[in-house]
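Just below is one structure, and these are the notes that go with it.
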Amino acid sequence: RLRHPIFALSSKKINLFTALLNVNSLVALENISVLNGQVNMELGPATSFNVQNINFNIYSNRLLRSTNKEGLRNAVEHLSFSKGILKIKDITAQLQNARYTGSNLIYADRVDVRSQSNTVKATINNVYLDNLLLDDAAEAVEVDGIGWESATVALSALGRGGGAGSNNGSLHLRNVDGKRSKVQLGTGNVYISTFIETLTASTIIKMGSEPLQVEGFNVAGHSFMMVGKAIHVTADSYNLSGNAPSSLNGVQVSQIKGRDSFSIQSPQLLFSANLNDIIANNLLFANVQAISPVIRFHKWDTPTTSTSADAKTASYLRIDKLTSTEPDILIATHRNDSTASIKFPRSDNSTVQATGIVISDAGTQLGSLLVNTTSAIFVKTSGEVLG
């Protein structure tokens with residue numbers, strides 16, 4: 001077990017400590033300095049930690065008298081290294097220009113994280129790690145605090161994968177505080193890209209092949225884009241929270257399935273959703289409020305149109321309830337060469353409520369629609385207009 005930069009070892013011993021014991025029996029040493037050293041540790045069949053150009057000052061008497069991790073930490077006056085490479089199974093993390101502050105913190109100019117399967121690619125700048133724990137027996141990494149100034153992160157296959165017997169180790173991060181991060185996520189048939197200005201989370205947990213779990217999160221950013229087979233969503237800016245309503249600003253939602261099309265444009269969407277469900281590719285929103293949206297829905301009567309049951313089976317995004325204030329709505333159905341449409345032009349204090357919205361590869365389905373407006377126009381297939 002390797003804890004923080006002052007390595008608290010269980011069954012494994014570093015040869016340096018043994019050497020200090022032998023030297024101290026012959027010569028009384030107050031402290032020892034090592035310049036440009038190298039440490040190679042094999043912590044398990046698939047776990048290792050290698051450090052290059054390590055520099056440290058150790059109070060040898062304190063070190064030899066220590067009986068716990070606090071004693072080991074107090075024995076170290078200075079610790080820094082130019083490059084450290086940590087490998088845990090599929091994951092490799094490389095730390096550049098790292099140093100220990102003496103208050104359980106590691107600072108690094110840069111951390112690069114990669115996986116052999118290319119499911120993780122990350123470059124993180126100006127990083128601090130608080131109370132790092134590497135458990136070689138469980139092949140797990142735990143960090144009590146982590147923060148960074150900027151980052152580029154690409155993650156894929158975040159949901160369950162790898163089979164029931166796979167084990168890719170585990171990661172447990174607490175007290176996460178990140179800034180200015182360019183993020184790309186790939187989850188099944190979904191691709192998400194965005195720029196995060198600030199990110200905080202109480203815990204981020206990845207247990208082997210289990211889905212990523214995030215708790216106590218708050219995220220603010222811009223340039224959001226989500227692309228899938230059934231839907232395309234963009235937003236100029238956003239605020240996402242696990243404990244309060246979230247918002248998307250400058251939103252555009254569109255879907256094209258064959259000749260059918262559905263689109264929403266709104267200055268702001270307010271909603272509540274479970275981020276862990278979204279990560280696991282379960283796009284369910286219980287309640288969505290759209291401010292002054294422009295909604296366009298064109299439906300064609302074609303043999304390829306799926307039934308409601310088929311659409312639910314292949315559902316991709318679901319909204320239990322959508323409430324719109326002062327909307328501008330056009331719903332048109334097309335059959336052969338004729339078209340019937342209903343229009344709800346924007347009017348003051350008008351509202352629209354829709355339930356059971358399902359956007360899937362099969363198309364768009366709507367359970368119910370309730371409209372309260374001062375203006376409505378219905379155009380029949382014959383061209384007759386009712387208003």
Check your understanding: So, Arg335 and Asp337, do they make that salt bridge, N to O below 4.0 Å?
Key -> no

Check your understanding: Would you say Ser246's side chain and Ser241's backbone share a donor-acceptor pair under 3.5 angstrom?
Key -> yes

Exercise for review: Specify the closest pair of heavy atoms between Leu330 and Lys343, including all atoms of both residues, with the distance to one decimal.
Suggested key: CD1-CG, 3.5 Å

Practice item. Report the C-alpha distance between Ile231 and Val253 in whole Å, list the side-chain angles of each, state the deciding distance to 0.1 Å, and finish with yes or no for side-chain contact (heavy atoms from CB on, under 4.5 Å). Key: CA-CA 7 Å; Ile231 193 169; Val253 180; 3.5 Å; yes

Check your understanding: Between Ile85 and Thr92, is any pair of side-chain heavy atoms under 4.5 Å apart?
Key -> yes

Study note, to complete from the structure: When every non-hydrogen atom of Asn55 is compared with those of Leu35, the smallest separation belongs to OD1-CA, 3.1 Å

Practice item. Examine Leu270 and Phe285 and state if one hydrophobic cluster contains both, with Ile, Leu, Val, Met, Phe, Trp and Tyr joined whenever side-chain heavy atoms are less than 4.5 Å apart. Key: no

Point to revise | Gln252 vs Thr234, side-chain contact (heavy atoms from CB on, under 4.5 Å): CA-CA, chis, key distance, verdict | key: CA-CA 5 Å; Gln252 295 190 38; Thr234 62; 3.6 Å; yes

Practice item. Taking Ser261 for its side chain and Phe297 for its backbone only, find out whether a donor-acceptor pair lies under 3.5 Å. Key: no

Point to revise | salt bridge (Lys or Arg N to Asp or Glu O under 4.0 Å) involving Glu197 - partner list, sequence neighbours excluded | key: none

Check your understanding: Between the side chains of Asp177 and Thr200, is a donor N or O closer than 3.5 angstrom to an acceptor N or O?
Key -> no

Check your understanding: Does the side chain of Ile264 come within less than 4.5 Å of Val251's, by heavy atoms?
Key -> no

Review point. Can any side-chain N or O of Ser115 pair as donor or acceptor with the backbone N or O of Val120 at less than 3.5 Å?
Key: yes

**Study point:** Any donor-acceptor pair under 3.5 Å from Glu326 side chain to Asn349 backbone
**Key:** yes

Practice item. Answer with yes or no whether the side chains of Asn287 and Ser272 bring together a donor and an acceptor at under 3.5 Å. Key: no

Check your understanding: Asp260 side chain to Trp300 main-chain N or O, any donor-acceptor pair under 3.5 Å?
Key -> yes

Practice item. Evaluate the side-chain proximity of Ile204 to Phe217: yes if any heavy-atom separation is below 4.5 Å, no if none is. Key: no

Check your understanding: Are Asp109 and Arg99 close enough, and set up right, to give a side-chain contact (heavy atoms from CB on, under 4.5 Å), and what steps lead you there?
Key -> CA-CA 9 Å; Asp109 290 348; Arg99 56 269 187 201; 2.8 Å; yes

Practice item. Scan side-chain atoms only and decide if Thr123 and Thr152 contain a donor-acceptor pair under the 3.5 Å cut-off. Key: no

Point to revise | Heavy-atom pair of closest approach, residues Ile196 and Thr198 | key: CG2-O, 3.3 Å

Review point. Counting distance only, does the side-chain N/O of Arg114 pair as donor-acceptor with the main-chain N or O of Ala122 below 3.5 Å?
Key: yes

Point to revise | Side-chain donor or acceptor of Ser202 paired with backbone N/O of Glu215 under 3.5 Å | key: yes

Review point. Is there a donor-acceptor pair closer than 3.5 Å between any side-chain N or O of Ser266 and the backbone N or O of Ile291?
Key: yes

Study note, to complete from the structure: Rounded to the nearest 0.5 Å, the CD1 atom of Ile146 sits from the CG atom of Leu173 at a distance of 5.5 Å

Revision key, fill the gap. Which of Lys83, Gln96, Gln94 passes side chain to side chain contact (heavy atoms under 4.5 Å, CB included) with Arg110? Answer is Gln96

Exercise for review: Kindly give the heavy-atom pair with the smallest separation between Phe378 and Ser341, and that separation in Å.
Suggested key: CD1-O, 3.2 Å

Practice item. Without swapping roles, check the side chain of Asn239 against the backbone of Ser247 for a donor-acceptor pair under 3.5 Å. Key: no

Point to revise | Test item: Val352 and Ile329 side chains (from C-beta on) under 4.5 Å apart, heavy atoms | key: yes

Check your understanding: How far apart are the closest heavy atoms of Ala332 and Thr339, and which atoms are they?
Key -> CB-CG2, 4.2 Å

Review point. According to the interplanar angle, ranging from 0 to 90°, do the rings of Phe224 and Tyr238 count as parallel (below 30°), tilted (30 to 60°) or perpendicular (above 60°)?
Key: perpendicular

Check your understanding: Within the distance-only criterion (no hydrogens, no angle test), does the side chain of Ser181 pair as donor or acceptor with the backbone N or O of Lys179 below 3.5 angstrom?
Key -> yes

Review point. Hey, are the side chains of Phe262 and Lys299 touching, using non-hydrogen atoms and a 4.5 Å cut-off?
Key: no

Check your understanding: Is there a side-chain contact between Thr194 and Val219, using heavy atoms and a 4.5 Å cut-off?
Key -> no

Review point. At their closest point, which heavy atom of Gln38 faces which heavy atom of Ile54, and how far apart are they?
Key: N-CG2, 3.9 Å

